[in-house]
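Per chain, numbering begins at 1; letters A, B, ... match sequence-line order.
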Amino acid sequence: MILPRSFYERGAEPVAKDLIGRILCVDGPSGVVRARIVETEAYVGIQDLACHASKGRTARNDVMFGPPGHVYVYLVYGMHHMLNLVTAPEGEPEAVLIRALEPLVPEPGIPLRGPGVLCRSLGITRTENGSDLCGTGRIRVENGTPVPPEDIVATPRIGVDYAGEWKDAPLRFCLRGNRHVSGRKPP
DNA sequence: TAAGTGATACGC
DNA sequence: CGTATCACTTAC
């Protein structure tokens, strides 16, 4: 039911696609929140100028260089936490940013559209950095129901205009037609 | 469209 | 030390 570590060791691009439709579970003070992953972005290693790892290994991005199936959380713009999953073998710094979720439990649901908003709603901060998705931490991912490839749309990633030739790479993946997807909706 | 916010990384 | 930058959000 909980995705095994082998799910995460295949590299950020395939895992980012395969994560669409899976169920993110987060334990909180008022019980567990369950939500369907509807939007992700892949950050594909040191050659990817949009990936933090392109500037080398630092204290901030250290867990991205570690084993797969762990959580990488950092702060941007002084106020927003970003939830990422480490998705390549140890030593290969790749990760998937979780950008939007469709709330399932509780019903009617809390705001989970946008990477900063969902972290705020779920109480995810840097204290979760390095947490094991396959262990006893607050955060897990379950199988969910498979999404056929034609229902996954790829677009350029959001907010990476500084990334030169990488800014237009189609590494953002959305569940087609889903209303919980953040920002401008793909066709 | 722009300001807000503070950790981070790097230069001095 | 100082300062530029930032995988965003919200309100004008």
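Proximity of A:P93 to A:I46: side-chain heavy atoms (C-beta onward) are separated by under 4.5 Å at one or more points. Contact check for A:R120 versus A:L118: no side-chain heavy atoms found under the 4.5 Å cut-off.
Under a 3.5 Å cut-off, the side chain of A:R176 and the backbone N or O of A:E150 do form a donor-acceptor pair.
Rounded to whole Å, atom P of C:dA7 lies 16 Å from atom CG of A:L118. Rounded to a whole Å, the CG atom of A:L83 is 13 Å from the P atom of C:dT9. Between the CG atom of A:L49 and the P atom of C:dC6 there is a distance of 12 Å, given to the nearest Å. The CG-C1' distance, from A:D62 to B:dA7, rounds to 16 Å in whole Å. Protein atom CE of A:M64 is 11 Å distant from nucleotide atom P of C:dA7, rounded to whole Å. Atom P of nucleotide B:dT8 and atom OH of A:Y77 are separated by 16 Å, given to the nearest angstrom. Following rounding to the nearest Å, A:R99 (CZ) and C:dT9 (C1') show an atom-to-atom distance of 11 Å. As a whole-Å value, the separation of A:Y43 OH from C:dC6 P is 12 Å.
Salt-bridge formation is not detected for the pair A:R157/A:D168: no Lys NZ or Arg NE/NH1/NH2 atom is positioned less than 4.0 Å from an Asp or Glu carboxylate oxygen.
The aromatic ring of A:Y74 does not sit over the base of B:dA7; the criterion of centres under 5.5 Å apart with planes under 30° is not met.
Listed nucleotides B:dT8, C:dT9, C:dA7 differ in distance to A:R126; the shortest reach to its side chain belongs to B:dT8. Closest to the A:M79 side chain, of the nucleotides B:dG4, C:dT10, C:dA7, is B:dG4.
Contact check, A:R120 against C:dT10: a side-chain N or O comes under 4.0 Å of OP1 or OP2. Between A:H80 and C:dA7, a side-chain N or O to OP1/OP2 separation shorter than 4.0 Å is absent.
Near-neighbour residues of DNA chain C inside residues 159-183 of chain A, defined by a heavy atom below 4.0 Å, number-ordered: A:G159, A:V160, A:Y162.
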| Step by step, would you call A:H52 with A:Y72 a side-chain hydrogen bond (donor to acceptor under 3.5 Å, both in side chains)? | CA-CA 11 Å; A:H52 290 165; A:Y72 169 44; 2.7 Å; yes

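Residue A:R60 is classed as a sugar-phosphate contact, given heavy-atom separations below 4.0 Å to backbone atoms only. Nucleic acid contact for A:M82: sugar-phosphate only, since backbone atoms but no base atoms lie under 4.0 Å from a heavy atom of the residue.
Considering only residues two or more places apart in sequence or on other chains, A:D62 meets the side-chain hydrogen bond (donor to acceptor under 3.5 Å, both in side chains) condition with A:R57.
Using the Watson-Crick or G-U wobble rule with both distances under 3.5 Å, C:dC8 pairs with B:dG4.
Under the 3.5 Å distance criterion, with hydrogens and angles disregarded, no donor-acceptor pair is assigned to the side chains of A:S182 and A:R113.
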